[in-house]
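In what follows, a single structure is set out as structure tokens and then discussed.
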Amino acid sequence: MTSEQQRVVVIGAGLAGLQLAARLGAGTGVDTGTRVTVLGEERHAPYNRVLLAEVLAGRYAPEVTALPDPGPVLRRGVRAVRVDRADRTVHCDDGSTERYDALVLATGSNAVLPPLRGLFGPRGRELPDGVHAFRTMDDCLALSAAVAVRSGVRAVVIGGGVLGVCAARALTERGAQVVLAQQGERLMERQLDADASALLHAHLTALGVEIHTRCRVRGLTTTHGPAGGRRVDGVEFADGYRLEAEVVVLACGVRPRTGLALAAGLDVRTGIVVDDRLRTADPRVHAIGDCAEHAGRVYGLAGPALDQADALARQLSGAAAPGYTGTRALTRLTLTAPAAGSAAAAATAGTATATSDTGTGTGTGTGTGTFDLAAFGETTALPGDDVVRLADATRRTYRKVVVRGDRLVGGVLLGELSTVGALARSWQDAETLTDLSHLLTDDGGS
């Protein structure tokens, strides 16, 4: 290593961290003047978390989800435990240290474990057998093994957001009897309006998912095995009703991983606070991806994570580039029908993936069992906004856009997504609307 090389240490081997490493030339063999080290806590090869539902459904083998391998710059199975900002050193759980000129926190987020009675034992934080978060590859593989024992395993998914919908759909394809419990009034209430959510509700119900909204889970019931361990056997609701369960999935959202930043004395609110150059209060320490809070917002989506990685790479490379000003990303969800003739198809099931997507898209939502949706911006109108809806009950399609003045500020599309590219571009670019009907028709997305 020459004295001119900049040492960049990235904590986190997810989408954001690896994108940054690639943009800085890691793994290319080309001397870019930067020496990159990526610390990855998981021992698995880096993978795309967006595709975990496909693995759970049995559609993809785990290796299909692999992200590009950056080579020896990645230290797998190594967890950063402390950041010494005065000495510009990262201390790891294996006793090693990494010195840096620039440190990037790409630590992602953790699954939220709700305060349910019976979730934890009196002497620890170990989950009962049969209870699973759904955030990591290990979570996915453990959950897959739990429902592979036999067909008809009784599974309760707690949480009706994107993650809960994906998990419920995937478990149904695996032949489980699935109950989806959502505390809010409707499914995916952060992304969908009431009409769109009702269509999603009807789709999942038709596939065999039993859905309970406005339903608060109070606790879990467990039994003790001969070795002294606990195993879940039921879910208790706030109204006193108890539902038998062999598997429980906690899909209650995620929380940015900010422990390292807090311990290092950095500014943390919901996420690690960064400016337009993605710097924390310490100009040598940056944050990107799910753990970062920019302009008061934590995105938790793939698109913004990649945008932040690209913007930071330009900054660290010394390029005269504008700072990061935010990302306008849409949420895209595809519920894919099982293959005809398969055992899963006979059980009328499917799988689900969720992504952040800002490009053009075409959906096949009118096919049997397949359901596409996209949502962007403000899907709930304010007083004075104009709302345009197009619905086709026969084709099971629904389109709604919210217009404020002469600008598109948000929209929801279900079933047929051929226009989503044109709508998203108009929204992202804040274009003056001249022909909204053109954007809403099938021709508008071509």
If every non-hydrogen atom of V36 is compared with every non-hydrogen atom of A26, which pair is closest and at what distance? CB-CB, 4.2 Å
Is the side chain of S197 donor-acceptor paired with the backbone N or O of L187 at a distance under 3.5 Å, no angle test? yes
Verify the neighbour count for atom CZ of R150: are there more than 12 heavy atoms of other residues, nucleotides or ligands below 6.0 Å? yes
For I158 and V249: C-alpha separation, side-chain torsions, deciding distance, then whether side-chain contact (heavy atoms from CB on, under 4.5 Å) applies. CA-CA 6 Å; I158 302 175; V249 182; over 6 Å; no
Under 30°, 30 to 60°, or over 60°: which ring-plane class applies to Y241 and F237, parallel, tilted or perpendicular? parallel
Within this structure, what is the CZ-OG1 distance for the pair F371 and T334, rounded to the nearest 0.5 Å? 10.5 Å
Mind checking the CG-CG spacing from L204 to L180? Nearest 0.5 Å is all I need. 7.0 Å
One thing to verify: whether D195 and K400 come together as a salt bridge, which I'm taking to mean a side-chain N less than 4.0 angstrom from a carboxylate O. no
When you compare the side chain of T213 with that of E185, does any pair of heavy atoms fall below 4.5 Å? no
What heavy-atom pair brings L24 and A313 nearest, and what distance separates the two atoms? CD2-O, 3.9 Å
Would you name the heavy atoms of R43 and G77 that are closest together and state the gap between them? CG-CA, 3.8 Å
Treating S426 as the side-chain partner and A422 as the backbone partner, does any N or O pair qualify as donor plus acceptor under 3.5 Å? no
Main-chain N/O of E246 paired with R154 side-chain donor or acceptor, under 3.5 Å: no
Tell me, yes or no, whether the heavy-atom count around E431 atom CD, taken from other residues, nucleotides or ligands under 6.0 Å, exceeds 12. yes
For a quick test of reading the model, state the closest non-hydrogen atom pair linking A329 to P304 and the distance between them. CB-CD, 3.9 Å
Using atom types as modelled and distance alone, determine if a side-chain donor or acceptor of H132 lies under 3.5 Å from a backbone N or O of D139. no
If you round to the nearest 0.5 Å, how far is OG1 of T419 from CG of L417? 7.5 Å
OG1 of T380 to CZ of R190, rounded to nearest 0.5 Å, is 12.5 Å
Given L192, which of L373, L333, T379 fulfils the side chain to side chain contact (heavy atoms under 4.5 Å, CB included) condition? L373
Restricting to non-hydrogen atoms, name the atom on T397 and the atom on E416 that form the minimum distance, rounded to 0.1 Å. CG2-CB, 3.7 Å
Could you tell me whether R279 atom CZ has more than 12 heavy atoms of other residues or ligands within 6.0 Å of it? yes
Would you mind checking if R269 and D267 are paired as a salt bridge, meaning a charged N to carboxylate O distance below 4.0 Å? yes
Student check: side-chain heavy atoms of T327 and L301 closer than 4.5 Å: no
Check whether any side-chain heavy atom of L413 lies under 4.5 Å from a side-chain heavy atom of F376, and answer yes or no. yes
For residues V162 and M188, determine if any side-chain heavy atom of one lies less than 4.5 Å from a side-chain heavy atom of the other. yes
Using the side-chain contact (heavy atoms from CB on, under 4.5 Å) rule, take Q177 and E244 through it: C-alpha gap first, then chi angles, then the decisive distance, then the call. CA-CA 11 Å; Q177 299 178 34; E244 290 187 1; over 6 Å; no
Could you give me the CA-CA distance, side-chain angles and deciding distance for V274 and H286, then say whether side-chain contact (heavy atoms from CB on, under 4.5 Å) is met? CA-CA 7 Å; V274 295; H286 308 258; 5.9 Å; no
Does any non-hydrogen side-chain atom of V64 lie less than 4.5 Å from one of L51? no
Out of curiosity, L262 CG to R257 CZ, how far, rounded to the nearest 0.5 Å? 13.0 Å
Keeping the roles fixed (side chain from E54, backbone from Y60), state whether a donor-acceptor pair exists under 3.5 Å. no
Give the C-alpha distance, both sets of side-chain angles, the deciding distance and a yes or no for side-chain contact (heavy atoms from CB on, under 4.5 Å) between Q182 and E189. CA-CA 10 Å; Q182 161 71 334; E189 56 189 354; 3.8 Å; yes
Does a side-chain N-to-carboxylate-O contact under 4.0 Å join R425 and D429? no
Using modelled atom types and a 3.5 Å cut-off, is there a donor and acceptor pairing between side-chain atoms of R186 and backbone atoms of H201? no
When you measure from the side chain of E378 to the backbone of G410, do you find a donor-acceptor pair of N or O atoms at a distance under 3.5 Å? no
Do R242 and D233 sit within salt-bridge range, that is, some charged N less than 4.0 Å from a carboxylate O? yes
Using the rule given for side-chain hydrogen bond (donor to acceptor under 3.5 Å, both in side chains), can you reason through R407 versus T432, listing the C-alpha separation, both sets of side-chain angles and the distance that settles it, and then say yes or no? CA-CA 6 Å; R407 299 287 193 275; T432 300; 2.8 Å; yes
Is the ring pair Y324/Y299 parallel, tilted or perpendicular, if the boundaries are 30 and 60 degrees? perpendicular
For A261, what residues pass the side-chain contact (heavy atoms from CB on, under 4.5 Å) criterion, not counting sequence neighbours? L105, L266, V268, I272
To the closest 0.5 Å, what do you measure between CD (Q308) and NE2 (H294)? 7.5 Å
Would a distance-only check, ignoring hydrogens and angles, find a side-chain to backbone donor-acceptor pair under 3.5 Å from E210 to V179? no
With a 4.5 Å limit on heavy-atom distance, are the side chains of H44 and D138 in contact? yes
Whether the side chain of Q315 engages the backbone of R277 through a donor-acceptor N/O pair (distance < 3.5 Å, no angle test) should be reported. no
Look only at the side chain of S109 and the backbone of D290, and say whether a donor-acceptor pair between them is shorter than 3.5 Å. no
Check whether any side-chain heavy atom of L52 lies under 4.5 Å from a side-chain heavy atom of Y47, and answer yes or no. yes
Write down the atom of G108, the atom of C291, and the distance for their closest heavy-atom approach. O-CB, 3.5 Å
Are the side chains of V232 and V156 in touch, meaning some heavy atoms are under 4.5 Å apart? no
